[in-house]
Structure formats: structure tokens, C-alpha cells
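Structure in C-alpha cells, see below.
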Protein chains: 2
Amino acid sequence: MAYENLSEREKKVLSCLISYYIASADPVGSRAIANKFRLGISSATIRNTMQDLEEMGLVQQPHTSAGRIPTDAGYRFFVDTLLRQEQLNEADKLAIDSTISSMAGGVEAILDQTSRVLAELSNQLGVTISPRLDDSILSRIELIHMTEGKVLVVLAFRSGLARTILLEVDAAIGWVELAEMSRLLNEKLAGLSLGQIRASIIERLHVSGGNPRLLRLFLDRESDIWNNAAADQLHVEGTRNIIEQPEFADRRKLRELMKMLERRTDLVSLLRNYHESGSGIIITIGGENRAREIQSCSVVSATYTAGNTTGTIGIIGPTRMPYAKLVSLVKYAARQLSKVLSGE
Amino acid sequence: MAYENLSEREKKVLSCLISYYIASADPVGSRAIANKFRLGISSATIRNTMQDLEEMGLVQQPHTSAGRIPTDAGYRFFVDTLLRQEQLNEADKLAIDSTISSMAGGVEAILDQTSRVLAELSNQLGVTISPRLDDSILSRIELIHMTEGKVLVVLAFRSGLARTILLEVDAAIGWVELAEMSRLLNEKLAGLSLGQIRASIIERLHVSGGNPRLLRLFLDRESDIWNNAAADQLHVEGTRNIIEQPEFADRRKLRELMKMLERRTDLVSLLRNYHESGSGIIITIGGENRAREIQSCSVVSATYTAGNTTGTIGIIGPTRMPYAKLVSLVKYAARQLSKVLSGE
DNA sequence: TTCTGGCACTCTATTCACTAGAGTGACAAA
DNA sequence: TTTGTCACTCTAGTGAATAGAGTGCCAGAA
């Protein structure tokens, strides 16, 4: 639909209505707007305007004698054309900075902390997804003998990520063979992305030497080594914030959402998909979400870079969320993450 | 209090009452017991018995004309003397077995999956804590050069656990120095527990050679390396199960609990504490819990062994929980974990 | 002495009617 | 075009009435 022909007044009223509703969570009446905002027009005029907005599908009434609440389309219009950039306050910046200050401790720890700080500052759900390892370039692969029959495979990536996979091997494999295998793997695989490795592992290691039993463990492209390594890590925090929201007073709704959050892989691909084309902040409102369970929620998400790969972070909450603030939060956090993880 | 003098009948009635209440979540009346269980006594007799049980503090009435519900003391007595061992059904065994089948993928992945399967099978919260690393014996320490200025420290423990810590070092440190340092660290530290290392790191590395700048990073006993490595990993799953429970219909209660769950370190030490003296299954009922926020919950927990160290797993839910089933679940899961992780 | 049936009593949860209040839509006047 | 006004609608809350569950106790049976 085209909403370009909205009058100044209609825009103002919609904007006030949404701001007010975001704070109060109650349907907003014409009187409330007339009193709280000095628009210089009477409640009757606002009433008429609201009627127009309703006809355009930007607001709706829960019942005849109630105030109005924004529809998904209303939020969409608000976000697209009425939202003005908001500077993040210093306290919030500081909180994020101190969380994402250095890579010490590893990438996963930072992401875990970041999801927590996002939840804290937004009062919503904070979500972070680890960088996509498929695009990540392997810088070293190391085999460490742990105990009889157990070998630790360490994959170190340029982006600073690391994954360890425990391998159960034939007890007979010794020190020297491991070192030899390690040398071989590095020679053949270092410098490639994990995706490339998975796609061509058979060809690349085909004619090589080394212990054949050990080799076989690495050869299967569906092997645990390559699969587990590529698995995305998801961090979700702030469940307690969401419980408080009046839109989740209904336990069934809350349950639906929680169920969705526990379906990790689905959630990961959902968020990733939003950023397949292009980067920047993406706001997905209510019914725009692909997954039924979160169609009463909005998602504010962004990608960050870690070397030559990217990850996703975001905030999830009811459609009635303070978009301006959340956008600046997510944007700032993504930028800081990129800075630290890309060592820029 | 001493409850040994309970008559056979009183025990039976209490047992029936609790079983019934666990299933229904509603106060249980004398008629309900008389009808559902063939005890061969009338509801009036049961009424009298229940009055006695109430005087002893084992059951209570929410209000004058309601049925009875068990008190914490009631559950305690039930669990201590009336609970009979229950065999876990084959389907549940299978579900656990297939989760905890091999160490492939690493210990943390298993623990994550285990918390999930515990939640699933119990319809409560499933909790797992990684093995205590302080007691774990370091089998190898490896330094891997990632990119300029970044070194990955890999700690491999006998128990099959591994931790990686990213170190930011002076860019000038090279290949050879790393290898030398690596050799040094293994020589001095391998075979010691992480706790020992932390306690005596200064003495052990004092007069050693190697690059002094690099060395300094390892010397501080409060260094990120030793601290992060020792940090316990906590996995909590099944929030959605808890939401459904009628005892959490009150949002504030639910919120309190969620808050507690997000205070990870507190939760970890709470659970660990229960198992400080002795192992086996420990059931902690309602007010027996140290943390106020979970005093309307019970915890069924057990320790598992991983090499020469131990970790904790458990189930958390409202005091009205099917203790018999949960005990067998936790017991079985702990045993299987120990089997796989101790390679026994 | 112990158990049981019966009965009066208590308390809760539900229903229904009623009311106050918020908000609208529409109209006539400014 | 805007505004004040008023009749109308719908909800949320209140209070009374009621049904139902469950108890405590007593008198009689076993």
C-alpha cells in the first residue's frame, strides 16, 4: 500500500499514538493524545484523524469503545518514515563497550555476554549468533593426543574463532602419526574456508599419505568434525524481561514463544535469512516474520563482521517495542563487535 | 521432628494424597482418595486420618473447606520413607542413551544435549554443570598461532574436556618462541590439576626461560587463562515446561525463578554445595533450598564423574513433582554420563 | 474402641445484573 | 475545517446469589 499521501497531521497523530502506546501498552484515546502532546488541535479533530488512519489500516480498535492501537502496517510506516535516529546514551554505550572490550576469553564468551547486555539494556530478548564458520578461513588445524584413543582436533580460524572436536580413534595411533597427520592437514587445508573444505575434502586428501585409519575420520564430508565445527552457536538471554510484558500475560502465547526459542536451528536460520541480501539494521515486524510463533513479535537485527565472515545479533520483543532505542542499541553493539572481532 | 510413629494407615493416606496431588495439582479431599484408591476405609475415616496428618504438619489446607495439599515436611517424609524405586521405562532409557552415546563432539555438547533430554523427559527444568576443572588434570597445553598478535591457548584435560582461551600478545612473538614456550609449559604443568596450577603457578614457572613477555601472561594466578578455564559451564533447558505449571500462573513467581536461573554462578554454587559431602541422588525440597527464589521448587540432583573430577546434573521444578520418576531419570542419566566421560 | 454415615457448616468459584468510565461517532455551530 | 457536545457502546469492576466441594463432629454400628 502507498501511504505517501498522509497529511502532516496524520503523521503526527500516528507518531504520538505509537509513542504513547509503546509506553503505556493500553489502547490510546483521542483525549489522551490531545492532553499529553501539545498538537494544538482538539480531541475531536484527533478523533477524525484517527478514523482516517484506521481506514488506511494503520491503527485499529480492539473494540468499539476503546482507543486505538497500531497495526503491523502502522508500525511499519512509523519505522520506515517517522522514526528519527536516536543517539544511544553514554551509560548504555559504556555498558556495551565494557562487555565487548577485547577478545580475551574468546569469541563465544563475548557473544554470550553481548546477548546478556542487549537483553539488559533493552528489556527484551537479546540474541547473538556466532560468525558463520562456513565462510571462515582455517588458519591452523592441530591434533592433540589426550588419552588413549582420544584425540582433540582444534580448528583455529583467521577470525579468531576456535572450535574443538573430540575424536575417538583407534587406540593404536601414536604420537608420530598424529604429528604427521597434523602436518598433512595443515598443508592441504590451511587457508581454505570451512565451506570449501567440506565441499572438496575427498579430492584434497585423496592421494595423501598418513595413517589410513586416521585419515578416514577426516574424509567423510558429513563427518562430525566438519559438521560440528560448522554448527552455529546461538545465545538467547532475557527471558525474564519478556515474561513481564503484558502481551505475554496469556501463558499459551508465552509458551509458543519459548518453544520457538528452544528450536535453535530454526531461530538461527530465521535470523540469518533476514540478512541474506545486504547488511545494516533490519526490522521485521509482527506478521512479517516467517515463523508463526513469533508473529506477535518484532525483531531488530544486524550483522557484524569477524574477519571475512559475518554473524548476526538482534533483539526480539513484542511488536510494541521502543524501535528507536533498540535500533541504536543493536547498531552500536554490532559496530563494536565488528571492531573487536575484525581487529579493525 | 520424628514421624516414625505414623501408623500404616497414615502412611498409606499420605502416600495416596501425594500421588494424587502430583497428578492433579488440586487440593485432595477425603472422598477423592476413598474413590480413587481402594483402601477399604470410608471417606470419614480418611478425614480423621488427614486431620492427624495435618496436626503433624505433613499436610495443610489452603482454606477451611478445601482438600489437603502436602507441606514440604510431607514431601520430605514421602521421599525419605515412602518412595519406592521406580524402573525407568525403556523409551526414556533409549532417549538418554542416544544422547549420551559417545564423546564425539565434546563434553559441552553432550551436557547441553543432556540438559535438553532431562527437560524433555521430566517436563521440568533440566540442568547440567560441566565437570569441576579445578580438580581436573591437565594432559596437554598447546599454543597455536592464529594471526598477528593472537595466540590460542588450548588446555586439554585427562577427563576429555578441553578449553580454549584466546590470548592477545605482543605482535613480535614468533613461531619458535611459541613452540619453546609450549614445550616449557607442558614440561612444568602437565600432570597437575588446574587447581594446583593456579595455586603454584608463580613458583613453578619462576626460574624458567622462554620469552619473558609471553611468560608474564601465564604467571598471574588471576590471569584470564586460568580463570576462564576454570569457569563452570551451566546448561539450563526446559523453561517452556515450567511456564505451563499451575504453580507459576503468578507471573511474579515465574519471574523470580527466571531471575535466579540467569544468575548462573549462584545457581552453580547452589547445586554444587548440595553434593559437597558424599554423592548419590540428593533431593532438596522447597524451603530446604538456600536460595529464596527457588523455595517453592524442589531439586533432584546427582553428580557424575569425568575422570578424576565430578560434575552435577539435576532437575528443577515445583515441589509438586513426580519424585520417583525424576530420581530414576537423574540417576540413570548420571550413570550414563559417568560411563561415557570416565570411559569406564 | 474403632469405624462409618449423616448432617450442618464453611469457604470458594462462578454467574448474573448493574454501574462507572472511557471512548467513540456524528452533528450542528463556530 | 475545526470544535464542543451528546447519545451510544463496550469493558472492567463490584456485589449479591448460588452451587459445590469439603470439612468437622456426632451418634450409632461393628
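First the proteins, then the strands, lettered A, B, ... as listed; each starts at 1.
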Next on the checklist: Whether A:Q51 contacts C:dA26 is assessed here as follows: a side-chain N or O lying under 4.0 Å from the phosphate OP1 or OP2. Is that the case?
Outcome noted: yes
Next on the checklist: Counting only side-chain nitrogens and oxygens, does B:T64 get under 4.0 Å of the OP1 or OP2 atom of D:dT23?
Outcome noted: no
Checklist entry - Atom CG of A:N48 to atom P of C:dT24: distance rounded to whole Å? => result 11 Å
Next on the checklist: Classify B:S30 by what it touches in the nucleic acid, base, sugar-phosphate, or nothing, heavy-atom distance under 4.0 Å.
Outcome noted: sugar-phosphate
Checklist outcome for this item: From NE2 of B:H63 across to P of C:dA13 the rounded distance in Å is 6 Å
Item to check | Polar side chain donor-acceptor pair, A:Q245 to A:R320, under 3.5 angstrom | outcome: yes
Checklist entry - Taking atom P of D:dG22 as reference, at what distance in whole Å does atom CD1 of B:I69 sit? => result 14 Å
Checklist entry - Of all the choices, C:dG25, D:dT23, C:dT12, which nucleotide is nearest to the side chain of B:Q61 once you look at every atom? => result D:dT23
Next on the checklist: Please tell me whether B:Y323 and B:S298 have a donor and an acceptor in their side chains that are separated by less than 3.5 angstrom.
Outcome noted: yes
Checklist entry - When only distance counts, do a donor and an acceptor, one from the side chain of A:R47 and one from the base of D:dG4, lie under 3.5 Å apart? => result no
Item to check | Polar side-chain contact A:S65-D:dC10 base: donor and acceptor under 3.5 Å | outcome: yes
Next on the checklist: I'd like to know if A:R31 reaches the base of C:dG23 with its side chain, counting only an N/O donor and acceptor under 3.5 Å.
Outcome noted: no
Checklist entry - For B:A44, which contact category applies under a 4.0 Å heavy-atom criterion: base, sugar-phosphate, or nothing? => result base
Checklist entry - Where the side chain of A:R68 is defined as all heavy atoms beyond and including C-beta, which of D:dT9, D:dT23, C:dG25 is the nearest nucleotide? => result C:dG25
Checklist entry - Less than 4.0 Å between a side-chain N and a carboxylate O, is that true for B:K259 and A:E244? => result no
Checklist outcome for this item: To the nearest angstrom, the CD1-C1' distance between A:I46 and D:dT2 comes to 12 Å
Next on the checklist: I need the CD-P distance between A:E55 and C:dG25, as an integer number of Å.
Outcome noted: 10 Å
Item to check | Side-chain ion pair, A:E262 and B:R240, N-O less than 4.0 Å | outcome: yes
Next on the checklist: Rounded to whole Å, please give me the gap between OH in A:Y20 and P in C:dG23.
Outcome noted: 8 Å
Next on the checklist: What I want to find out is whether B:E90 reaches B:K93 closely enough, with some N-O distance under 4.0 Å, to be called a salt bridge.
Outcome noted: yes
Checklist outcome for this item: Rounded to whole Å, the CE-C1' distance (A:M50 to D:dT2) equals 17 Å
Checklist entry - In whole angstroms, how far is the C1' atom of C:dG23 from the NZ atom of A:K36? => result 17 Å
